[in-house]
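As the structure lists them, so they are numbered: ligands from 1, and atoms in each ligand from 1. All residue numbers in this chain count up from 1 along the given sequence.
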Amino acid sequence: MSFNEYHSVWVFAEQTNGRLSAVSLELLGKGRDLAGSLNTQLSAVLLGWQMENLAQDLIHYGADKVYLADDPQLSHYMTGSYTTVITKQILESKPEILLFGATDIGRDLAPRVAKRSGVGLTADCTDLAIEKESGLLLSTKPGYGASMMYIFVCAQARPQMATVRPGVMRALEKDAKRTGQIIHVPVRLEASDMPVKIVKRVKEIKKGAKLEEARIIVGAGMGVGSAEKFAVIHQLAEVLGAEIGTTKYPLDEGWITGDRMIGQTGKTVKPQLYVACGISGAIQHISGVWDSDTIVAINTDPRADIFGIADYGIVGDLHEVIPALIEELSKRHT
Ligand code: FAD
């Protein structure tokens, strides 16, 4: 199969309320290397409303071209409309590579675009390179709880697509003298492209630190038992001045809400103290807490895997151990 008509490296430039995401700039930095290796151009794809200034910024951060779809219907991110606009542009311009940040939006949008374009997608990459001999994109991502690194290659379809974790690539310094081309993309959307209507936007006021930046985290697992029994986790978090993180299932069960899942498909954290309560220690979870300075585990099962990585282990029922801990900690504060 020949892909001679496919050229250039594209980066989806994610913006929210007129602010570019950091990972988009990081991808432009990496995109410049990739485009250099392929001797081709680097383009950004920007969707939104009244985004001309951001389009200029993208050029200042390394893009040669910006495909700008500027339309009131695109003012807020919507899966359907964004997928349609990007997919049409792919069909028309035929990029060789298309990159997204592995953000909430990127993780939602990239698979839709890949499916609609009939190509595969390597998700959550931590490195990208071009293979010298073949010119193929080498997309590296960790697997088996980060114990192995895999390199994925897509030889049979174009564009080669990947999402990339925020924070792993480096953005270029802004160069306000850099020039480039802004290409205005016509936006034609049908009602079927926008099956979801935004009725109201409510901004969540986040209390406390982001989980990734938290100094102390109380981790809660299935061993907590129920939504009602979660009170003890909140109490411990309050006494320690900690954020609450969870394994997959307390969130699935609705025992607690929020963006709190730690692990392979959740967040990677590195607190000074991680207190794992009723957590078995599955690799998908502990891959997200390995970098914690100190791990304390509370579990009824002395053979639980979590004790294998814990610095301190308490074998016992968390509903007895935590109240005792809180009492002890409270005494020290009075
Ligand atoms: P369990 O494994 O059920 O463990 C509960 C533990 O609580 C047990 O060890 C038990 O001994 C203990 N316990 C019970 N009662 C008490 C008590 N009263 N006091 C003290 N201890 C008690 N999981 C994640 O967390 N993050 C991810 O990112 C993630 N990604 C996944 C991706 C894939 C593709 C798949 C297939 C799974 C993923 N999972 C993820 C799920 C993961 O495999 C585990 O199933 C999950 O982490 C287990 O959660 P847990 O430890 O809360 O529950």
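The pair Arg303-Asp301 counts as a salt bridge, with a side-chain nitrogen and a carboxylate oxygen less than 4.0 angstrom apart. Between Arg32 and Asp64 a salt bridge is recorded (basic side-chain N to carboxylate O distance below 4.0 Å). At a threshold of 4.0 Å, the pair Lys210-Asp259 does not count as salt-bridged, since none of the basic side-chain nitrogens sits closer than that to a carboxylate oxygen. Salt bridge annotation for Arg188-Asp193: absent, with no cationic side-chain nitrogen under 4.0 angstrom from a carboxylate oxygen.
Between the side chain of Thr87 and the main chain of Ser117, no donor-acceptor pair closer than 3.5 Å is present. The main-chain N or O of Leu74 is found under 3.5 Å from a side-chain atom of Tyr82 such that the two form a donor-acceptor pair.
Close approach of ligand 1 to Thr265 (heavy-atom distance below 4.0 Å) involves ligand atoms 27 (C), 28 (O), 29 (C), 30 (N), 31 (C), 32 (C). Distances below 4.0 Å separate heavy atoms of Gln264 from the following atoms of ligand 1: 27 (C), 28 (O). For ligand 1, the atoms closer than 4.0 angstrom to any heavy atom of Gly221 are 52 (O). Each of the following atoms of ligand 1 lies closer than 4.0 Å to a heavy atom of Gly266: 28 (O).
Among protein heavy atoms, atom 6 (C) of ligand 1 sits closest to Gly278 O, 3.4 Å. Closest protein heavy atom to atom 35 (C) of ligand 1: Gln284 CG, 4.2 Å. Ranking the protein heavy atoms by distance from atom 3 (O) of ligand 1 puts Met222 CB, 3.8 Å first. Scanning the protein for heavy atoms near atom 26 (N) of ligand 1, the closest one is Ile262 O, 2.8 Å. The nearest protein atom to atom 19 (N) of ligand 1, hydrogens excluded, is given as Leu318 N, 2.9 Å; this is a heavy-atom distance. When only non-hydrogen protein atoms are considered, atom 9 (O) of ligand 1 lies nearest to Asn299 ND2, 2.9 Å. Closest to atom 16 (C) of ligand 1 among all protein heavy atoms lies Gly223 O, 3.5 Å. Taking atom 22 (C) of ligand 1 as the reference point, the nearest protein heavy-atom neighbour is Thr300 OG1, 3.4 Å.
Heavy-atom separations between Gly316 and ligand 1 include at least one value shorter than 4.0 Å.
Between Val113 and Phe100, the closest side-chain pair of non-hydrogen atoms falls below 4.5 Å.
At least one N/O-N/O distance between Lys248 and ligand 1 falls below 3.5 Å.
Tyr77 pairs in a side chain to side chain donor-acceptor pair (under 3.5 Å) with only one of the listed residues (Asp108, Asp104, Thr16), which is Asp108.
In the candidate list Ile286, Thr247, Val321, Thr247 is nearest to atom 50 (P) of ligand 1, counting heavy atoms.
By the definition of a contact as any protein heavy atom under 4.0 Å away, atom 12 (C) of ligand 1 is in contact.
Counting non-hydrogen atoms of other residues, nucleotides and ligands closer than 6.0 Å to NZ of Lys270 gives a total of 12 or fewer. In Glu131, the CD atom is crowded: over 12 heavy atoms of neighbouring residues, nucleotides or ligands sit closer than 6.0 Å.
Proximity of Ser280 to ligand 1, defined as any heavy-atom pair under 4.0 Å, is shared by backbone and side chain alike.
Leu138 forms part of a hydrophobic cluster together with Leu136, Ile151, Val153, judged by ILVMFWY side-chain heavy-atom separations under 4.5 Å.
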